[in-house]
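Data block below; observations after.
Positions are given from 1 along the sequence.
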Amino acid sequence: MSQIKLEAPFTSFRGKICKHSDIIFKEMYGNQFTSQICNPRTKPFSEAELARQEKFRQAATATKTALNDPSTRATYEAEFKAQNKYKTLYGYVFAKEITKL
């Protein structure tokens, strides 16, 4: 059998690497993360999936708008401090905005 010498990014890679996978590298918070997409999607999105994506997009836009408005942000910050479920203000505001749609 042949021997393979793994170079720098692959010295700690674990798991199956298929011939049809895409390996993804991402630098975040000073760390490099490696992941793979096995069996990538080949069929087009359905109408329901496209509608969900649009709703998510609208909620993200509404969240950014709400957090940029000082009075709305102050209201959400007060509500955020009174709850324990959400860890970030953005996540809390996003959850509130997506329920409005």
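Scanning for salt bridge (charged side-chain N to carboxylate O under 4.0 Å, His left out) contacts around K100 gives E97, with sequence neighbours left out. Checked against side chain to side chain contact (heavy atoms under 4.5 Å, CB included), K64 has the following partners two or more places apart in sequence or in another chain: Y90. Applying the side chain to side chain contact (heavy atoms under 4.5 Å, CB included) rule to S46 yields the partners A48, E49; only residues at least two apart in sequence or on another chain are considered. Under the side chain to side chain donor-acceptor pair (under 3.5 Å) criterion, R73 pairs with E77, sequence neighbours left out.
Residue F45 belongs to a hydrophobic cluster whose other members are L50, with links defined by side-chain heavy atoms closer than 4.5 Å.
Residues T72 and D69 approach most closely at OG1-OD2, 2.5 Å, considering heavy atoms. Nearest heavy atoms, Q58 versus L101: CB-CD1, 3.8 Å. The shortest non-hydrogen separation linking Y76 to A66 is CE1-CB, 3.9 Å.
Among pairs with a residue in residues 79-88, those fulfilling side chain to side chain donor-acceptor pair (under 3.5 Å) read E79-Y92, at least two apart in sequence or across chains.
Among T99, T63, L67, L89, the single residue meeting the side-chain contact (heavy atoms from CB on, under 4.5 Å) criterion with F94 is T63.
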